[in-house]
Amino acid sequence: MESPVFAIANQKGGVGKTTSAVNLSAGLAANGIDTLLIDLDPQANATSGLGLEKEEGTSAYGPLMGEGTLSEKIVESGREHLFAIRSERDLVATEVELPRDEDYLFRLKGLIDAVREEYGFGAIILDCPPSSTVLSLNALAAADYLVVALQCEYLAMEGLGEILSMQKQIKEGGVNSNLEVAGILMTMFDIRTNLSNQVVSEVRSHFGDQVFSSVIPRNIRLTEAPSFGQTIFEYEKSSSGALAYEKLAQEFISRFGLKPSKGE
Ligand SMILES: Nc1ncnc2c1ncn2[C@@H]1O[C@H](COP(=O)(O)OP(=O)(O)O)[C@@H](O)[C@H]1O
Ligand SMILES: [Mg+2]
């Protein structure tokens with residue numbers, strides 16, 4: 001597939017979506033895959049996590065409202081093969097402004113399809129905001145694959161049920177019949193507690209191979225890295241977090257047949 005689009009989503013906040021979007025993107029880029037990370041959360045944590053400036057007029061807001069293209073918002077991240085579309089507060093306004101138009105669920109899809117046609121990215125990663133916002137619905141309408149970030153915590157299965165039924169509605173309700181579940185990514189696994197182990201086994205017993213074999217550990221380095229505007233590979237390459245995201249990148253490359261850019 002040309003430029004597969006992965007939406008990293010969960011209606012809950014604080015489950016590791018952004019940490020995963022940033023470090024998976026960096027891991028893919030480090031393997032020579034031209035990767036575009038689109039920050040769709042008005043909080044712009046992925047933008048600042050990459051050490052990029054938040055600036056007026058640089059987010060997907062304008063293009064979503066019909067002004068200009070998404071392609072012209074693409075910036076280099078300062079890392080080889082890693083490109084970004086930044087976010088800033090203005091994205092909040094899409095919640096009220098977009099639904100005025102009839103085709104509002106498909107705005108992002110149209111814009112991303114144009115990017116795919118113009119550039120041959122090896123992967124496009126969407127960092128989604130929490131909750132079922134207009135932006136996250138647009139992301140699911142535009143994506144080929146949903147990556148569910150799921151924190152290893154009590155009642156994780158309930159949250160999982162919610163997001164999977166949303167995926168089903170989107171797929172079967174005609175919004176995006178292509179949307180597949182790429183996999184379930186277990187995050188913040190705590191080796192010191194039984195609970196983490198129990199949650200992973202429970203999710204695996206229901207979803208088997210759909211759960212990525214790379215489980216992301218709870219690792220303080222992953223929390224610290226964004227405040228330096230660094231990915232985990234730049235901040236501490238030998239940390240357990242870096243090893244897990246490198247393994248996840250490898251898993252993506254083989255599972256989805258991602259290809260390095262020409263010249264690699
Ligand atoms: N594996 C992890 N280990 C430790 N802290 C983490 C891990 N993943 C995320 N965090 C921290 O948890 C908080 C929420 O993570 P974040 O990725 O921003 O979640 P979301 O995007 O789902 O809201 C952040 O402070 C982040 O640094
Ligand atoms: Mg986030």
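Here, residue 1 is the first one in the sequence, and each next residue gets the next number. We count ligands from 1, going down the list as the structure has it; atoms in each ligand are counted the same way. Only heavy atoms go into these numbers, but all of them, side chains included; no hydrogens, no water, no symmetry mates.
Clustering ILVMFWY residues whenever any of their side-chain heavy atoms sit less than 4.5 angstrom apart, transitively, puts Leu195 in a cluster other than the one holding Val15. Cluster annotation: Leu248 and Val199 are assigned to distinct hydrophobic clusters (Ile/Leu/Val/Met/Phe/Trp/Tyr, side-chain heavy-atom contacts under 4.5 Å, transitive). A continuous path of hydrophobic side-chain contacts links Leu28 to Leu82 [ILVMFWY only; heavy atoms under 4.5 Å].
Protein heavy atom closest to atom 12 (O) of ligand 1, with residue, atom name and distance, is Met188 CE, 3.8 Å. At the top of the distance list for atom 3 (N) of ligand 1, counting protein heavy atoms only, stands Asn219 N, 2.9 Å. Atom 19 (O) of ligand 1 has as its closest protein heavy atom Gly16 N, 3.0 Å. Looking only at protein heavy atoms, the nearest one to atom 17 (O) of ligand 1 is Thr19 OG1, 2.6 Å. Among protein heavy atoms, atom 27 (O) of ligand 1 sits closest to Thr223 CA, 3.4 Å. Among all protein heavy atoms, the one lying closest to atom 18 (O) of ligand 1 is Thr18 CB, 3.9 Å.
Test Asp39, Asp90, Thr47 against Lys54 for side-chain contact (heavy atoms from CB on, under 4.5 Å) and you get one pass: Thr47. Residue Leu140 forms a side-chain contact (heavy atoms from CB on, under 4.5 Å) with just one option from Lys109, Met166, Gln169, and that option is Met166.
At a 4.0 Å cut-off, not a single heavy atom of Thr187 sits close enough to ligand 1 to count as contact. Taking a 4.0 Å cut-off on heavy atoms, Gly14 registers as neighbouring ligand 1. Residue contacts with ligand 1: Gly13 is included, with a non-hydrogen atom under 4.0 Å away.
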Lys12/Glu162 under salt bridge (charged side-chain N to carboxylate O under 4.0 Å, His left out): CA gap, chis, key distance, verdict: CA-CA 10 Å; Lys12 279 186 76 173; Glu162 235 173 278; over 6 Å; no
Stepwise salt bridge (charged side-chain N to carboxylate O under 4.0 Å, His left out) check, Asp144 with Arg116: CA-CA 12 Å; Asp144 303 298; Arg116 286 164 120 169; 2.5 Å; yes
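Where the criterion is an N or O separation shorter than 3.5 Å, residue side chain and backbone included, Lys12 fails it with respect to ligand 1.
Of all heavy-atom pairs between Asn31 and Glu246, the closest is ND2-OE1, 3.6 Å.
With respect to the salt-bridge test (charged N to carboxylate O, under 4.0 angstrom), the residues Arg107 and Asp101 qualify.
Heavy-atom proximity to Val15, at under 4.0 Å, picks out these atoms of ligand 1: 19 (O), 20 (P), 22 (O). Those atoms of ligand 1 that come under 4.0 Å of a heavy atom in Ile216, given as number and element, are 1 (N).
At a distance under 4.0 Å, a protein heavy atom can be found next to atom 7 (C) of ligand 1. Contact annotation for atom 24 (C) of ligand 1: protein absent (non-hydrogen atoms, distance under 4.0 Å).
When ring centroids are compared, Phe6 and Phe256 come within the 6.0 Å threshold.
For the Mg ion (ligand 2), the set of nearby N, O or S atoms under 2.8 Å includes one belonging to Thr18.
Residue contacts with ligand 1, taken as heavy atom pairs separated by less than 4.0 Å, involve Pro217 solely via the backbone atoms N, CA, C and O.
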